[in-house]
Structure formats: C-alpha cells, structure tokens
Amino acid sequence: MIEIGGSGRLWVLSGQRSSYALHLTDRDELLHLHWGPRIAVEDAEALAAEPGPPDWPFESPLDGREEYPVEGGPRFARPALSVHAGGVRGTEWRFDGGTVLDPGTGEELRLRFHDPLHHLGITLHYRMRDDGDVVERWTTLAHTGTAGQEPVELLRADSAAWSLPARDRWRLSHLHGRWAAESRLARTELTPGEKVIGSRRGHTSHHHLPWIALDGGEATEESGEVHSCALAWSGAWRIAVQLLGDGAVQAVGGVGHDDAGQLLLAPGESFTTPVFAGLWTDGGFGAASRAWHAWQLAHVVPGADRSRPVLYNSWEATEFEVSEERQRSLARLAADMGVELFVVDDGWFGARTSDRAGLGDWTPNPDRFPHGLKPLADEVHALGMQFGVWVEPEMVNPDSDLYRAHPDWVQHHPGRARTEFRNQLVLNLARPDVRAHLWERLDTLLSGAPIDYVKWDFNRSFADPGWPGDRYPRRLWIDHVRGLYELLERLRAAHPGVAFESCSGGGGRIDLGVLGLTDQVWTSDNTDPLDRLAIQHGFGQLHPARVMAAWVTDSPNVMGNARVSSLRFRFVSAMAGVLGVGGDLTRWSEAELAEARDWVALYKRVRPVVQHGELYRLRPPEGDGLSAVQYVRGAETVVLAWLQAQHHGRAQPPLRLRGLDPAATYRDLETGEVHRGAVLAHRGLRTGLSGDLDAAVFHLRRN
Ligand code: GLA
C-alpha cells in the first residue's frame with residue numbers, strides 16, 4: 001500500500017507489519033523519514049515537520065538523511081551516485097514527478113529527477129508488496145540528451161541508500177568466508193567510520209554474501225528490532241555501512257567494487273541497477289529470516305512452490321574418472337536408494353579427463369560417451385530418476401578447441417599475461433558473439449538428450465578484466481553478469497522443464513539475483529556434516545532451505561578434513577536443506593545402502609515441511625554442544641538436532657519448540673509418542689542425544 005501526503009511530496013509505503021516513509025523538501029532534497037512499525041500518513045507528516053539538524057559550518061545537513069545521496073553539494077558521507085560528463089563531476093537534480101504503479105498487487109513508487117547539466121534522468125523505484133515487509137529499491141539512470149552530446153560516465157551507481165536513526169549503539173551482522181567455508185555469521189559492534197564488504201572478483205564470492213543486518217545490540221533470535229538489506233547481484237559488488245558522528249547509520253550498496261568507472265551512457269542509453277532490498281522487523285533475527293525466506297519463495301525463486309528432488313551427484317565418487325559404465329552402476333544404486341535426480345558432474349565432455357583441458361567444448365567425450373549422453377539419460381529415466389549434467393559455460397581451458405579457435409574471446413589485457421586459476425580463463429560474456437556461441441552450444445546440448453537439470457558452475461574469479469578494442473572495457477564487470485542473466489533467461493524460456501543450480505566452486509555465486517533465475521544453489525564444496533552446520537546457519541539467515549543443496553558423502557570426508565561421522569549424522573545434517581547424496585555408493589556396504597534408503601524415505605516424508613515451512617533456529621551451532629533447527633508448516637513440525645560432543649556425562653537440555661499451539665497435542669509420526677504443545681514450548685523436547693556427533697529427526701503432527 002502506498003499513501004501520499006504532504007501536498008503530494010510525502011510517501012508512506014506499508015506492508016504487513018511495517019512502513020517506510022520519505023519526503024521531498026522544497027529544495028527537492030529527498031529525505032528519509034521512517035523505517036519501522038506501521039505508521040499513518042499523519043505520523044509521517046509530523047516527522048517531516050520536525051526541525052532538521054543545527055546549522056553548523058562543518059556538518060552536512062543531509063548526511064545520513066537522504067534516500068539517494070549524490071556526489072557534490074553539502075554532503076560528506078559516501079555518495080550512492082557519482083558521475084561525470086564534460087569535465088564536471090557530481091549531480092544536481094530537480095524533481096520531475098512521482099508515479100504510483102500497479103495498485104493492488106505489488107505497488108511501485110517511481111520518483112523521477114533530472115540533472116539538466118548532464119542530461120541525466122534519475123528514477124528511484126520503491127516496491128513493497130502487500131504480503132510481506134520487504135522494501136525493494138532500485139534506480140534507473142538514463143542519458144536524456146540528444147545525439148552528439150557528451151556521454152555520462154557512471155563512476156558509481158548504487159541501487160539505494162538506507163538511513164537508520166541515531167541510536168546509542170549499532171551492531172552489524174554479516175556473512176563471510178572463503179572456499180569450503182562460506183556464509184559464516186559474524187556480529188560486530190559498529191564504531192564510527194565505515195565497514196565495507198564486497199567482492200572484486202566478478203562473482204558474488206565465497207568471501208562475503210551481499211547481506212547485512214543492523215540492530216541496537218539487544219536483538220535476539222526471538223525478539224528485538226532488526227534492519228537488514230540484501231543486494232540482488234551476481235557480479236562484483238559493494239555494501240558500505242557508515243556510522244556517522246551523530247549515531248545515525250547510512251548503508252549504500254550496488255554493483256562494482258570501486259568508483260573507478262562502471263558504464264558510459266551515450267544519449268538514449270540507460271542503466272537499471274539491481275534491487276537492493278530491505279526489511280525491518282521487531283521479531284529478532286529469526287523473524288527477519290522467515291520474512292526474507294517467504295519473500296524469496298513468493299517473489300524471487302522460480303516455481304518455488306514445487307519441491308526439489310533428492311539428487312545424486314557423482315563428483316566426489318569419480319572426480320574426473322568418468323565412464324558410462326561407472327555412471328550406470330552409480331545410477332542403479334542411487335535409484336535403489338530412492339534418489340530422484342541423477343547428475344553427472346565434471347568430466348563428461350571434450351577432452352576433459354582432468355582440469356587441464358576441455359572446458360569450452362560442450363560435446364560428450366567420444367571415448368567416454370561414444371553415443372552421446374542420451375543412452376545414459378534414457379537408462380536414468382528408465383530407473384525412474386531425472387537426469388542432470390554439470391557445465392561451466394563462462395570458462396575455457398587454453399587447451400580446448402574453443403580457445404584455439406577464439407583466443408580473443410577471453411577477458412585479457414593486451415600485452416599482459418593471462419592469469420590462470422585451475423588452468424582456466426574467463427570468457428568475456430559481455431561480447432554478443434560469445435553469448436551467441438554459448439546459447440547455440442547449450443541449446444544444442446539440452447535439445448540433444450533428455451536433460452532435466454543443469455548444474456552451472458563458475459570456478460575462478462576475474463583477474464584480467466580487459467577487452468581490447470572496446471571503447472569502454474570496464475563495462476565488462478557489469479555486462480558479463482547481464483550476459484549471464486540473459487543466457488539463463490533464454491535457456492529457461494526455451495527449455496522450461498529444465499531446472500538450474502547455481503554453483504561457483506561451492507557457494508561462490510549465491511545471491512538474490514541468481515536466485516531469480518535458478519532453482520537451487522550449491523552451498524559449499526565442504527561436505528563435512530559438522531562444518532556444514534555453521535555454513536547452513538549463516539546461509540539460512542537470508543536464504544530458505546528450499547534452495548540450499550546439501551549432500552551426504554563418504555566418511556572419512558574426502559573434500560576437507562577427513563572427519564569420520566556416522567551415516568545418521570551425515571543424513572540429518574544434509575536433511576536441513578535440499579537433500580542430495582554424493583558418496584561413492586559402489587563402496588558402501590549393503591547395510592549402509594539399506595540405512596541410506598531409510599533416511600531418504602524419511603526425508604521425503606519431512607520434505608514438505610523442511611522445504612516449504614518456516615524456519616526456527618532453536619540453538620545455533622556455536623561451541624561444541626547441541627544445536628537444532630525446527631520447521632513449521634501448518635499442523636506439522638520437524639526438528640533436526642545435532643550434538644557435536646557430550647562432556648562429563650551431562651544430558652542435553654530439552655529443545656523449547658516454537659510456533660506451536662500450546663493448547664494442542666502433537667504426535668511423533670515416527671514413534672507414536674504424544675506430546676503436549678505447552679510442554680514442548682516451555683519445558684521442551686528431550687532429544688536423547690549423547691556421545692559425539694549424534695543427531696536425530698523428530699516429525700510431529702498436531703492432533
Ligand atoms: C566445483 C564444484 C564441485 C564440482 C567441481 C567439478 O568445484 O563446486 O561440486 O562440480 O567444480 O570440477
């Protein structure tokens with residue numbers, strides 16, 4: 001709902017439980033008024049009538065109060081917009097008018113401004129849908145001049161700025177990591193100055209997820225005010241959070257890591273930034289996560305009302321030792337276990353018998369698949385499973401037919417070394433000829449065999465982002481990502497039955513942008529079930545279980561730390577998301593295969609609740625004790641609990657469940673035991689976990 005007040009210069013957007021308000025001064029300054037509980041237009045008008053800060057010569061009257069701070073004028077905080085044209089930097093705008101679109105569904109507010117000197121049109125977009133509290137914000141920048149006029153260089157064009165009020169304290173939560181250790185939650189006191197997170201790698205990165213949460217230091221999992229923001233972009237990005245001198249906070253975020261120039265707009269050209277979404281809640285970090293999850297499932301992830309199948313992936317079992325016969329053996333064992341989607345990972349194409357060759361040549365390796373992928377795909381289908389393949393379209397090995405034919409298609413600087421990681425170079429997807437080639441290859445692949453699923457990988461970062469011959473090579477940082485989105489959109493439209501997974505050496509490309517075009521993401525190459533709990537804890541702060549792929553692999557774990565763990569612990573860990581299996585099943589004993597079959601069957605029973613329910617984090621995986629999550633959907637609830645280590649024979653505390661009806665009774669669907677709702681909520685559920693690396697699943701239904 002959008003309401004207008006203040007003689008047409010004040011707007012209040014309201015969702016289920018919160019409002020967001022802003023107004024224009026008579027000098028066309030666009031000032032933030034409110035982001036918090038629902039308010040009326042009259043409340044916003046009262047806020048707008050309050051006196052501004054005192055007039056001091058060394059203080060800006062605008063810093064920390066503007067919706068979209070531009071460079072120049074009486075401002076010293078970091079600008080969201082920095083441009084230059086014809087030797088003049090900065091922006092001075094005039095208000096051109098506001099429009100409210102789509103009343104009834106998801107209302108969008110557009111505020112249009114114009115800098116006459118640069119012929120730059122600036123439109124600020126706001127959308128707050130009626131079914132939640134996420135405020136979606138983005139900006140469109142357009143060169144409105146006529147042919148022959150100076151182009152405008154966008155040095156920096158953030159999506160939005162968020163203003164938080166002056167408080168005694170501010171605490172920042174964010175997600176950080178590295179390869180095989182992604183999305184770990186950190187909480188830190190904000191001190192005066194700036195905290196900057198981002199990626200200068202060309203992809204979202206394992207190192208930071210584009211999400212922040214801010215609270216006054218008192219919020220808990222269950223209560224307290226939390227403001228959080230997330231950026232929908234899969235390339236280089238930056239979020240800068242600044243604690244200002246008066247205790248207010250400004251957070252700006254957008255594409256690109258620095259301010260060295262992003263795009264050159266010629267007359268008639270425009271750039272639409274990605275969405276930088278924000279959410280306020282007073283229900284603590286748990287309510288914030290649930291609201292983010294609900295919004296993504298309703299408005300971001302395609303077809304999110306459909307459950308994701310249990311998959312098997314052959315990577316850890318075979319690495320590059322791929323053969324049709326071995327894949328068939330694994331497929332039979334997987335089908336017998338109840339797996340629903342069988343995926344052939346790396347090593348099926350070109351000369352790809354190691355990571356030194358073949359990337360770029362997307363035709364089946366003739367020695368390994370002499371009749372192509374179809375015979376294997378047909379057998380997988382006959383076994384009752386869907387069939388999937390791994391690709392890494394944005395890359396080439398120098399030892400590939402594609403690179404030999406088109407050495408100029410990779411990002412490179414003339415006269416400089418071409419930096420390799422994992423023996424590969426990055427194709428320049430900003431080039432239309434590269435995109436046309438990839439479209440043709442991938443469309444042929446998906447048309448040539450009955451493929452239901454594509455794992456789309458990206459296994460190195462940008463290092464030499466050059467584009468010889470282009471008038472403005474720096475645009476490839478943005479245009480590579482736009483090229484990726486375009487390809488994914490086109491493939492999805494042409495092959496609507498195919499699901500896509502975003503992978504980047506594990507979780508190097510997880511964000512709200514790619515999730516708008518994919519069905520799930522590969523969370524991490526780290527498949528150790530204990531390490532995974534911390535990774536999943538961070539992931540779930542923003543993203544729902546419905547998109548979080550997790551595999552049960554071999555013990556000792558082969559990818560990271562060689563930890564030995566039971567099949568029970570491995571399954572319960574991976575059941576917290578979209579369950580997969582990735583071990584070498586040919587080496588599992590009959591007893592292990594039978595046990596795995598039971599776990600897969602149990603997962604299918606709890607899946608609707610895990611993938612579509614509301615998540616409550618009962619105990620975080622901190623220290624070495626008990627941790628647990630709970631999912632609630634209608635009358636059903638599922639609890640997954642893990643104990644890392646028991647000490648001194650101490651029994652574990654009961655888990656106090658959330659979201660239940662205290663007046664109802666709940667039956668454990670596996671054991672038949674009946675619990676009272678009030679007892680589960682106040683005393684808690686006894687898990688009976690003991691020893692090291694123990695785990696359990698509880699599936700309850702309200703009577
Ligand atoms: C990346 C992925 C893995 C696997 C390998 C194949 O590391 O994250 O799951 O697909 O590539 O080379």
Side-chain angles (χ1 to χ4, degrees), residues 177-183 201-207 209 234 311-323 326-327 330 341-362 364-365 368 387-397 399-400 420-426 445 451 453-461 499-511 514 518-529 531-532 535-536 539 547-554 557-560 574 577-584:
R178 58 191 300 202
W179 176 76
E182 298 88 335
S183 63
R201 296 161 183 268
H203 57 119
T204 325
S205 94
H206 305 80
H207 299 75
L209 261 67
S234 312
L311 73 71
Y312 176 82
N313 178 295
S314 59
W315 172 244
E316 289 198 21
T318 67
E319 299 216 353
F320 290 103
E321 300 303 314
V322 174
S323 74
R326 192 136 176 234
Q327 294 292 319
L330 289 165
L341 162 62
F342 181 84
V343 184
V344 180
D345 208 274
D346 202 348
W348 60 267
F349 53 91
R352 187 75 168 170
T353 53
S354 74
D355 64 14
R356 286 183 293 281
L359 274 183
D361 301 336
W362 300 108
N365 178 302
R368 297 179 164 194
F387 178 70
V389 290
W390 176 98
V391 294
E392 196 181 356
E394 298 150 88
M395 301 288 168
V396 276
N397 289 117
D399 185 359
S400 65
E420 294 182 20
F421 287 102
R422 211 190 188 207
N423 313 302
Q424 63 194 62
L425 299 167
V426 188
L445 173 68
I451 292 170
Y453 167 95
V454 170
K455 174 177 174 183
W456 185 300
D457 212 335
F458 183 90
N459 272 316
R460 59 157 293 178
S461 304
F500 289 81
E501 177 178 85
S502 173
C503 173
S504 171
R509 193 151 65 189
I510 299 173
D511 56 80
V514 86
T518 50
D519 298 81
Q520 62 185 57
V521 296
W522 180 221
T523 317
S524 177
D525 277 346
N526 185 338
T527 55
D528 170 69
D531 285 357
R532 236 358 218 258
I535 293 171
Q536 295 177 173
F539 183 97
V547 302
M548 184 179 79
W551 306 343
V552 172
T553 56
D554 294 335
N557 186 275
V558 297
M559 288 313 283
V578 178
L579 178 68
V581 179
D584 185 355

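All ligand and atom numbering here is 1-based and tracks the order in the structure. Sequence positions, counted from 1, serve as the residue numbers for this chain.
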Peer 1: With sequence neighbours left out, what residues match Asp531 under side-chain contact (heavy atoms from CB on, under 4.5 Å)?
Peer 2: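 Asp531: side-chain contact (heavy atoms from CB on, under 4.5 Å) contacts with Asn526, Asp528, Asn561, Arg563.
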Peer 1: Taking the six-membered ring of Trp522 (Phe, Tyr or Trp), confirm whether the NZ or CZ of Arg532 is under 6.0 Å from its centre and within 45° of its axis.
Peer 2: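 Ring-cation test returns yes.
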Peer 1: Any side-chain donor paired with an acceptor under 3.5 Å for Asp355 and Asn423?
Peer 2: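 Asn423 and Asp355 do have a side-chain donor-acceptor pair below 3.5 Å.
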Peer 1: Using a strict cut-off of under 4.0 Å between a residue heavy atom and any atom of ligand 1, list the qualifying protein residues by chain and number.
Peer 2: Trp315, Asp345, Asp346, Trp390, Arg422, Lys455, Asp457, Asn459, Cys503, Gly505, Gly506, Trp522, Asp525
Peer 1: When you look at CZ of Arg422, are more than 12 heavy atoms from neighbouring residues, nucleotides or ligands closer to it than 6.0 Å?
Peer 2: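 Atom CZ in Arg422 is packed in, count exceeds 12.
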Peer 1: Are more than 12 heavy atoms from other residues, nucleotides or ligands located less than 6.0 Å from atom CZ of Arg356?
Peer 2: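 No, not enclosed.
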Peer 1: How long is the gap from CG on Asn459 to CG on Asp346, to the nearest 0.5 Å?
Peer 2: 8.0 Å
